[in-house]
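The structure appears right after this line, and notes come after that.
In what follows, chains are A, B, ... by sequence order, proteins preceding strands, each numbered from 1.
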Number of protein chains: 2
Amino acid sequence: MDNSSCSDQYWPESESHTSLSWALNFQDSPFLLPTNSCDVTSFQSSYFPTWSQQFEASASRSHSEAEKRRRDRINAQLSTLRKLIPRSEKMDKAALLRSVVDHVKDLKGRAKEISNVLNTPSDIDEVIIEEEEDSSNSIVVKVSLCCDDRPELFSELNRGLKNLKLTTVESNITSLGGRIKCIFALQSINNSVCTIHSLKQSLRVLLSRIVTSPSTSNFRIKSKRQRFFLPPT
Amino acid sequence: MDNSSCSDQYWPESESHTSLSWALNFQDSPFLLPTNSCDVTSFQSSYFPTWSQQFEASASRSHSEAEKRRRDRINAQLSTLRKLIPRSEKMDKAALLRSVVDHVKDLKGRAKEISNVLNTPSDIDEVIIEEEEDSSNSIVVKVSLCCDDRPELFSELNRGLKNLKLTTVESNITSLGGRIKCIFALQSINNSVCTIHSLKQSLRVLLSRIVTSPSTSNFRIKSKRQRFFLPPT
DNA sequence: CAGTACACGTGAACC
DNA sequence: TGGTTCACGTGTACT
């Protein structure tokens with residue numbers, strides 16, 4: 001379902017677990033242990049070669065190694081979090097995570113504060129064709145769209161609006177975090193051929209295509225950041 | 001140094017570790033174990049009462065209990081993080097933390113994008129008295145201050161400016177996340193008594209006092225969110 | 001019965 | 001010397 005959970009870029013070599021360290025570790029084990037002390041370096045090869053071979057192939061070894069990899073994966077993320085959170089160098093794991101929680105809450109709150117005031121793009125693709133006004137015999141349509149940002153978006157938009165014989169009399173464009181929100185007031189150049197209804201329909205087709213079409217450039221690939229704004233669940 | 005790291009509000013009762021569960025756990029231990037099976041519920045009291053009492057008072061018990069508390073503290077923070085990050089219900093710990101890293105990076109990036117465009121308040125207290133312009137015989141001073149937001153700030157500011165015989169001809173105020181940034185253009189009402197130099201000095205005293213003085217209301221106590229914007233290290 | 005993920009108790013290190 | 005944190009290998013459950 002979500003195999004990205006295993007694709008962490010950080011994979012440290014677990015070079016610390018030599019056969020020696022394993023042998024040392026198993027000295028604590030209550031079984032198979034000779035009571036007389038012996039040279040640890042030659043312990044495995046000279047005293048218990050068969051046991052060593054058995055252990056090399058045992059499930060216990062792979063189990064503990066897998067567990068070490070798991071721990072390393074978690075700790076790697078924790079240390080990158082530590083770099084992101086200021087003044088967290090000396091915190092223990094619980095305090096660090098608590099600080100991360102505070103940070104995320106704070107940042108989310110700020111983003112919400114801003115989006116309450118500004119026309120910040122949300123994570124939901126959106127096309128709104130809101131109202132039409134008559135100003136001195138010409139048709140004016142107010143339009144709002146929100147989608148992923150991409151370099152060729154405006155050329156597509158301009159080409160489409162040109163085809164519909166529309167000119168923009170007012171625009172408010174906000175691009176943020178790879179998302180873009182555009183609000184336009186569009187005026188029909190010659191209000192001869194098309195009715196308001198057909199104009200709005202054509203506009204809806206155009207804008208829906210622009211909003212849903214993927215980028216033809218490699219722009220989106222470069223921006224792999226996860227979106228923050230989400231539909232209220 | 002940082003005893004807040006131990007003051008997590010989440011303290012689950014470790015009710016799972018009864019004496020029974022401990023006895024059960026020690027059945028796996030290779031020592032002290034009778035080969036014949038016995039009633040587990042009466043195992044502790046009838047067979048090994050002295051060992052049980054020893055164990056109750058041993059350092060090993062408090063050690064493992066402390067370790068359990070530590071694990072619980074970490075896992076509590078992880079589960080609150082899970083609530084903050086969407087679509088993270090089925091992720092394992094490493095994937096969750098990776099998602100948190102992405103989120104924090106994304107949110108920080110957004111905040112930076114916004115602060116590049118807007119006059120967002122930073123985390124550094126700041127008083128700037130920038131330049132003075134002459135417009136038709138009166139003195140105009142441009143002023144910028146950034147500090148913690150609090151309800152009584154503007155009344156203090158207005159009172160101080162009134163005392164200096166200054167009126168605001170232009171203002172740009174941005175409040176975000178408990179911080180506030182104000183940019184004023186101030187005009188001297190009667191440019192008779194004071195020179196530009198003494199006016200600027202009086203202004204600096206006034207604004208520095210306002211920036212550094214703590215809130216007299218309980219406003220700051222309620223807003224305990226950690227600041228996000230920080231001085232570049 | 002592979003592989004994976006989590007909780008557990010323990011040894012070691014640091015105050 | 002207890003208290004606390006971390007890494008470790010293991011038991012266990014799920015797939």
Side-chain angles (χ1 to χ4, degrees), chain A residues 1-8 11-12 14-33 55-79 81-82 88-99, chain B residues 1-8 11-33 54-79 81-82 88-99:
Chain A
M1 42 183 75
D2 190 2
N3 51 11
S4 72
S5 58
C6 302
S7 67
D8 295 323
W11 275 96
S14 63
E15 75 290 352
S16 63
H17 271 317
T18 60
S19 310
L20 175 58
S21 70
W22 278 96
L24 282 166
N25 192 289
F26 265 68
Q27 278 199 304
D28 297 330
S29 186
F31 51 88
L32 272 180
L33 187 66
F55 180 72
E56 288 291 326
S58 73
S60 173
R61 163 150 193 163
S62 76
H63 183 28
S64 73
E65 281 178 342
E67 181 61 16
K68 164 119 187 81
R69 279 194 298 273
R70 177 178 164 271
R71 280 196 303 270
D72 287 343
R73 242 179 307 149
I74 293 171
N75 286 337
Q77 301 302 334
L78 284 175
S79 67
L81 274 175
R82 198 162 251 130
S88 66
E89 300 86 12
K90 319 221 89 182
M91 292 180 184
D92 62 29
K93 288 185 181 178
L96 167 66
L97 289 174
R98 189 165 157 64
S99 196
Chain B
M1 46 182 73
D2 191 3
N3 52 10
S4 73
S5 59
C6 302
S7 67
D8 294 323
W11 275 95
E13 283 298 307
S14 62
E15 76 289 352
S16 63
H17 270 316
T18 61
S19 311
L20 175 59
S21 70
W22 279 94
L24 281 166
N25 192 290
F26 267 68
Q27 278 199 304
D28 297 331
S29 188
F31 51 88
L32 274 181
L33 187 67
Q54 281 173 0
F55 180 72
E56 289 291 326
S58 72
S60 175
R61 163 149 192 161
S62 75
H63 183 29
S64 73
E65 281 178 343
E67 181 62 16
K68 164 119 188 83
R69 281 195 298 274
R70 175 178 165 271
R71 281 195 303 268
D72 286 342
R73 243 178 307 148
I74 293 171
N75 285 338
Q77 301 301 335
L78 284 175
S79 66
L81 274 175
R82 202 163 245 127
S88 65
E89 301 86 12
K90 320 221 89 184
M91 293 180 184
D92 62 27
K93 289 184 182 179
L96 168 66
L97 289 174
R98 187 164 158 61
S99 198

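- Between A:K93 and D:dA7 there is a side-chain polar atom (N or O) within less than 4.0 angstrom of OP1 or OP2.
- Going from atom CG of A:L78 over to atom C1' of D:dT5 covers 13 Å, rounded to whole Å.
- Distances were taken from every side-chain heavy atom of A:R70 (C-beta onward) to each of C:dA5, D:dT5, C:dG9; the shortest belongs to C:dA5.
- B:R73 places its CZ atom 8 Å from the C1' atom of D:dT4, with the value rounded to the nearest Å.
- Residue-to-nucleotide contacts include a donor-acceptor pair under 3.5 Å from the side chain of A:R71 to the base of D:dG9.
- At whole-Å resolution of the value, CD1 in A:I74 and P in D:dA7 are 11 Å apart.
- In this structure, A:L96 atom CG and D:dT5 atom P are separated by 13 Å, rounded to whole Å.
- For A:D92, whose side chain is taken as the heavy atoms from C-beta onward, the closest listed nucleotide among D:dA7, D:dT5, C:dC8 is D:dT5.
- Between the CD atom of B:E65 and the P atom of D:dG2 there is a distance of 16 Å, rounded to whole Å.
- When the P atom of D:dT4 is taken as reference, atom CG of B:D72 falls 15 Å away, rounded to whole Å.
- Here the shortest heavy-atom pairing between A:R98 and B:Q77 reads CA-OE1, 3.5 Å.
- Nearest heavy-atom pair, A:K93 versus A:N75, reported as atom, atom and distance to 0.1 Å: NZ-OD1, 3.1 Å.
- Summary of the strand contacts: B:S62 and A:H63 both lie near DNA chain D, and taking for each the nucleotide with the nearest heavy atom, the more 5' one is attributed to B:S62.
- For the pair B:R61 CZ and D:dG2 P, the computed distance is 18 Å after rounding to whole Å.
- The heavy-atom pair separating A:L78 from A:L97 by the smallest distance is CD2-CD2, 3.7 Å.
- Judged by atom type and distance alone, A:E67 does not reach the base of D:dC8 through any side-chain donor-acceptor pair under 3.5 Å.
- A:R73 is listed as a side-chain neighbour of B:D92, based on a closest heavy-atom distance under 4.5 Å.
- At C:dA7, one or more side-chain N or O atoms of B:N75 fall inside 4.0 Å of OP1 or OP2 (strictly under the cut-off).
- Look at CD on A:Q77: it is 13 Å from P on C:dA5, rounded to the nearest Å.
- Classification of B:K68 and B:E65 as a salt-bridged pair fails, no side-chain N sitting under 4.0 Å from a carboxylate O.
- At the phosphate of D:dT10, OP1 or OP2 sits under 4.0 Å from a side-chain N or O atom of A:S60.
- For the pair A:K68 and D:dC6, the criterion of a side-chain N or O lying under 4.0 Å from OP1 or OP2 is not met.
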